[in-house]
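Working notes, structure below.
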Amino acid sequence: MKSSARLINTSRGPIVDEPALIEVLRERRIAGAALDVFDIEPLPADHPFRSLDNVLATPHIGFVARELYRTFYCDTVENITRWLAQQ
């Protein structure tokens, strides 16, 4: 990656080699990282991602959107309603 690159991961923590990412971030070989998923969740209090000034870390909320929640909850209510109708 170029030194101006920023790594973004909102998919799965283990697809990124965390020790290697920490190393390149500390050495400023890339500009930064935005991370919403980690190898261990919740992210431990002493994890380096919490203290690196070139990391934006969020608590696994990258998928959240109003329409997505509406779909989740409506589908859940529909499934419960169908299940109750079979009882």
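Quantities reported herein were computed from a predicted structural model and do not represent experimental measurements. All heavy atoms count here, side chains included; hydrogens, waters and symmetry mates do not. This chain uses plain numbering: 1 for the first residue, then up along the sequence.
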Note to self: Could you check whether any side-chain heavy atom of Val37 comes within less than 4.5 Å of a side-chain heavy atom of Ile15, counting everything from C-beta outward?
What the structure shows: no

Item checked: pair Leu21-Asn9: side-chain heavy atoms closer than 4.5 Å -> no

Item checked: Exercise: identify the closest heavy-atom pair between Ser4 and Ala31 -> O-CB, 3.6 Å

Margin query: Nearest 0.5 Å, please: how far is CZ in Arg82 from CG in Leu84?
Written below: 11.5 Å

Check: CG/Leu52 to CG/Leu35 distance, rounded to the nearest 0.5 angstrom?
Finding: 10.0 Å

Check: Could you walk me through whether Asp53 and Arg26 pass the salt bridge (charged side-chain N to carboxylate O under 4.0 Å, His left out) check?
Finding: CA-CA 9 Å; Asp53 67 356; Arg26 282 184 173 150; over 6 Å; no

Next item on the list: Only counting residues at least two apart or in another chain, list the ones meeting ring-ring contact (aromatic ring centres under 6.0 Å, His included) with Phe49.
Entry: His47

Item checked: Stepwise side chain to side chain contact (heavy atoms under 4.5 Å, CB included) test for Val55 and Leu25 -> CA-CA 8 Å; Val55 172; Leu25 289 166; 3.5 Å; yes

Notebook entry, point to check: Does the distance from a Lys or Arg side-chain N to an Asp or Glu carboxylate O, for Glu67 and Arg70, drop under 4.0 Å?
Noted result: yes

Note to self: Any non-hydrogen side-chain atom of Cys74 less than 4.5 Å from a side-chain atom of Thr76?
What the structure shows: no

Check: If you measure from CG on Asn54 to CD1 on Ile30, what distance do you get to the nearest 0.5 Å?
Finding: 7.5 Å

Next item on the list: Mind listing the closest non-hydrogen atom pair of Ala57 and Phe38 along with its distance?
Entry: CB-CZ, 3.9 Å

Margin query: Is the shortest side-chain heavy-atom distance between Arg50 and Pro44 below 4.5 Å?
Written below: no

Margin query: Taking the side chain as everything from C-beta on, heavy atoms only, tell me whether Leu7 gets closer than 4.5 Å to Val24.
Written below: no

Note to self: Do the side chains of Asp39 and Arg12 get close enough for a salt bridge, i.e. N-O under 4.0 angstrom?
What the structure shows: no

Note to self: Are Met1 and Ile22 connected into the same hydrophobic cluster when the rule is that any two of I, L, V, M, F, W, Y join if their side-chain heavy atoms are below 4.5 Å apart?
What the structure shows: yes

Item checked: Partners meeting side-chain hydrogen bond (donor to acceptor under 3.5 Å, both in side chains) with Glu27 (sequence neighbours left out) -> Arg29

